[in-house]
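First up is the structure itself, then whatever we jot down about it.
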Number of protein chains: 4
Amino acid sequence: MLATAAEVFAELGYNATTVRTIADRAGMLAGSLYYHFDSKESMADEILSAFLTDLWTGYQRIEEAELGPRETFEGLVTESFRQMERHRPAVVIYQKEARRLASQERFRYLSDSQERFQQLWTRTLERGVADGSFRSRLDVPVAYRFVRDTVWVAAVWFRPWGRKSAAEIAEQYTSMVLDGIATHPVAR
Amino acid sequence: MLATAAEVFAELGYNATTVRTIADRAGMLAGSLYYHFDSKESMADEILSAFLTDLWTGYQRIEEAELGPRETFEGLVTESFRQMERHRPAVVIYQKEARRLASQERFRYLSDSQERFQQLWTRTLERGVADGSFRSRLDVPVAYRFVRDTVWVAAVWFRPWGRKSAAEIAEQYTSMVLDGIATHPVAR
Amino acid sequence: MLATAAEVFAELGYNATTVRTIADRAGMLAGSLYYHFDSKESMADEILSAFLTDLWTGYQRIEEAELGPRETFEGLVTESFRQMERHRPAVVIYQKEARRLASQERFRYLSDSQERFQQLWTRTLERGVADGSFRSRLDVPVAYRFVRDTVWVAAVWFRPWGRKSAAEIAEQYTSMVLDGIATHPVAR
Amino acid sequence: MLATAAEVFAELGYNATTVRTIADRAGMLAGSLYYHFDSKESMADEILSAFLTDLWTGYQRIEEAELGPRETFEGLVTESFRQMERHRPAVVIYQKEARRLASQERFRYLSDSQERFQQLWTRTLERGVADGSFRSRLDVPVAYRFVRDTVWVAAVWFRPWGRKSAAEIAEQYTSMVLDGIATHPVAR
DNA sequence: TATGAATGAGCGTTCATTCAT
DNA sequence: AATGAATGAACGCTCATTCAT
């Protein structure tokens with residue numbers, strides 16, 4: 001039922017989704033949802049926190065592996081797509097609604113996650129610049145945003161049941177971001 | 001006043017924005033807005049169509065210049081960031097709401113634009129693959145989505161009044177997407 | 001301009017008529033009407049009181065002529081249709097809105113007129129019953145309503161500029177009401 | 001609850017009636033009405049279509065009886081007053097609002113009914129003229145309007161719970177319209 | 001005289017939520 | 001567990017009215 005709610009939120013947007021719509025799809029009446037959930041907000045809460053918990057569990061494994069910057073980079077992107085496969089609707093909701101929701105105390109963990117995310121990526125990029133894996137003239141704050149958006153925005157069109165698996169997409173993304181789409185790029 | 005509405009839409013989302021909020025910010029009462037606009041929807045309409053008109057005017061100049069694929073690519077990205085500078089809130093609205101709005105007849109031009117956009121980019125990428133500017137093994141549909149999202153999603157955090165100009169950001173983006181962020185990339 | 005207002009009120013109904021519509025038809029903006037009138041209500045007021053003044057002037061001439069009941073009857077019906085010719089929109093408004101408006105102090109004269117009207121007709125009918133002009137078993141209160149409605153409701157479809165003049169219609173109505181539409185009626 | 005709405009519509013007019021007034025009278029809040037009805041308009045719809053359905057069921061019985069013109073006339077008037085007894089508020093609404101509502105597709109059946117009504121009465125009057133039951137010089141279109149309005153407008157003052165039953169009023173109306181209110185009428 | 005811009009009350013409607021059953 | 005009926009706050013919008021120009 002939470003899965004149903006997540007799909008509807010992802011499809012229509014949180015605000016545009018009525019509890020009636022969720023209830024319809026779950027085969028019950030709007031009032032009946034309240035036996036299972038405190039509120040519409042708490043549905044979003046459960047959906048998002050389940051996703052972020054899984055995501056950080058995955059990320060932690062990578063951090064603990066203490067790989068080089070490029071391998072960490074690849075690991076993080078791959079893990080992100082893997083989670084997108086499991087939690088696609090949650091990712092879409094996160095993408096669209098996190099900013100708005102984060103202003104509420106109850107969704108504080110969204111901002112916290114955002115911050116951890118930024119630190120993790122920034123550290124990885126900086127390590128890469130330091131050890132020569134990444135370009136020396138890389139503007140890390142801009143590159144961070146670039147990578148972050150680039151990965152997550154894919155959730156909007158990515159369909160795990162489509163022709164390409166998460167791993168394939170991840171591989172393509174990694175290659176594009178790391179090596180670019182042009183030929184003969186000059187090392188800088 | 002349209003600018004005010006655009007900012008609020010971008011900040012809170014179209015659905016979450018009430019006409020009272022817009023009116024507050026514009027220093028008037030909700031009813032007064034209706035002297036200037038037919039409806040909330042028509043505000044979004046004017047905002048989005050003004051943006052898309054300007055955008056396509058810019059793109060057309062680039063198309064007509066008949067540049068090589070790489071230069072066209074750079075031109076399109078640069079033009080996109082330039083328009084983002086003028087129409088930042090409109091871009092955010094487009095980003096978040098286009099899918100939902102496009103289902104209405106009045107916003108048909110959103111889908112039309114989307115399609116033109118896809119053709120323009122796809123053609124450019126294919127030309128680049130054909131003439132060797134871009135990697136031969138490039139998955140064009142995936143790369144198209146990658147570039148499209150990557151550029152526009154920047155509107156969410158991009159602030160023209162920030163430290164970096166649109167041209168600077170565009171240059172960094174182009175370089176990241178074309179040449180990658182890693183060093184010594186292998187040509188494929 | 002009052003004529004314009006009257007036409008619109010008659011056509012659309014008082015409530016459904018906006019001052020904007022009246023202003024449009026008068027070739028000005030809504031606000032400009034207020035240079036000429038205190039309020040929408042006062043327009044209705046002027047329209048209705050002008051009509052009733054004329055009507056009672058006409059009726060008074062008939063009363064003063066001291067005719068027999070049948071001739072009085074004919075005179076009142078004819079005068080009513082004559083006024084309908086001059087004040088058609090006002091009659092329609094009266095017909096549709098009098099009941100609602102009459103509850104307001106400012107429209108007290110509507111109820112007053114209604115009452116005078118009832119007395120005038122009732123007296124005429126009773127005189128006719130007394131002197132044998134009208135049927136002895138006539139239920140005067142019911143007949144009063146019958147005649148009253150019968151005459152005024154015609155304003156809704158009556159068009160002075162149509163094929164039939166007010167005098168012709170009045171003649172037909174009088175004959176129908178007095179003598180009936182059937183043949184060989186039995187005197188009672 | 002539909003009955004409550006009908007009474008308020010009849011009393012105040014459709015436009016002047018607010019859903020809050022209806023809700024007040026029904027002992028609930030405005031929003032609660034929408035659990036039972038789609039819209040204010042659909043309330044009017046249900047009220048009017050229920051009335052017209054009953055009315056035409058009654059009329060059909062009379063048509064199928066294949067009576068003479070005078071008996072058909074009496075039957076139709078009597079049936080009309082009978083329906084007025086059951087659907088008085090609906091009749092008032094019909095009387096006042098049909099013209100305005102009929103312009104909407106959803107109320108198309110109002111115009112349809114109007115037309116059937118006209119045909120039915122016109123046919124009856126013409127049959128009466130043809131077989132000598134009604135006056136040979138009768139202006140059928142005018143007489144039709146006369147009868148139509150005369151009957152239905154009674155709904156405004158008619159109270160079934162008053163001193164007179166629908167059947168009594170119908171009998172008086174029939175006699176007035178067929179035979180007139182004057183004595184010694186000349187057959188024409 | 002007329003305009004343009006605004007006001008503010010109120011309208012029909014929606015929707016998350018409650019609660020007795 | 002679920003329903004059916006209701007609540008009440010808020011929403012987009014309308015409109016009679018005001019008023020400086």
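Reminder, nothing fancy here: chain letters follow the sequence lines and each chain counts from 1.
As rounded to whole Å, 11 Å separates atom P of dT3(F) from atom CG of Asp24(A). To the nearest angstrom, P of dC15(F) lies 17 Å from CG of Leu33(B). In this entry the distance linking CG of Leu29(B) with P of dG12(F) reads 15 Å, nearest Å.
Here dC15(E) sits opposite dG8(F) as a Watson-Crick or G-U wobble pair (both hydrogen-bonding atom distances under 3.5 Å). The partner of dA20(E), taking Watson-Crick or G-U wobble pairs whose two distances both stay under 3.5 Å, is dT3(F).
The shortest distance between side-chain heavy atoms of Tyr94(A) and Gln114(A) falls below 4.5 Å. A 4.5 Å side-chain heavy-atom check between Phe9(A) and Glu97(A) finds every atom pair outside the cut-off.
Heavy atoms of other residues, nucleotides or ligands lying less than 6.0 angstrom from CZ of Arg106(C) number more than 12. Atom CZ of Arg100(A) has more than 12 neighbouring heavy atoms from other residues, nucleotides or ligands inside a 6.0 Å radius.
Residues Thr21(B) and Met28(A) each lie close to DNA chain F; by heavy-atom proximity, the contact nearer the 5' end of the strand is made by Met28(A).
Nearest nucleotide to the Tyr35(D) side chain, out of dT3(F), dA6(E), dA6(F): dA6(F).
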Exercise. Which letter, B, S or -, goes with each nucleotide of nucleotides 13-21 of chain E from 5' to 3', with contact meaning a protein heavy atom under 4.0 Å?
Worked result: BBSSBB---
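Distance alone, capped at 3.5 Å, places no donor-acceptor pair between the Ser113(C) side chain and the Leu110(C) backbone.
OP1 or OP2 of dA2(E) has at least one side-chain nitrogen or oxygen of His36(C) nearer than 4.0 Å.
Applying the side chain to side chain donor-acceptor pair (under 3.5 Å) test to every pair with at least one member in residues 2-19 of chain A, sequence neighbours left out, gives these pairs: Glu11(A)-Arg25(A), Thr18(A)-Thr21(A).
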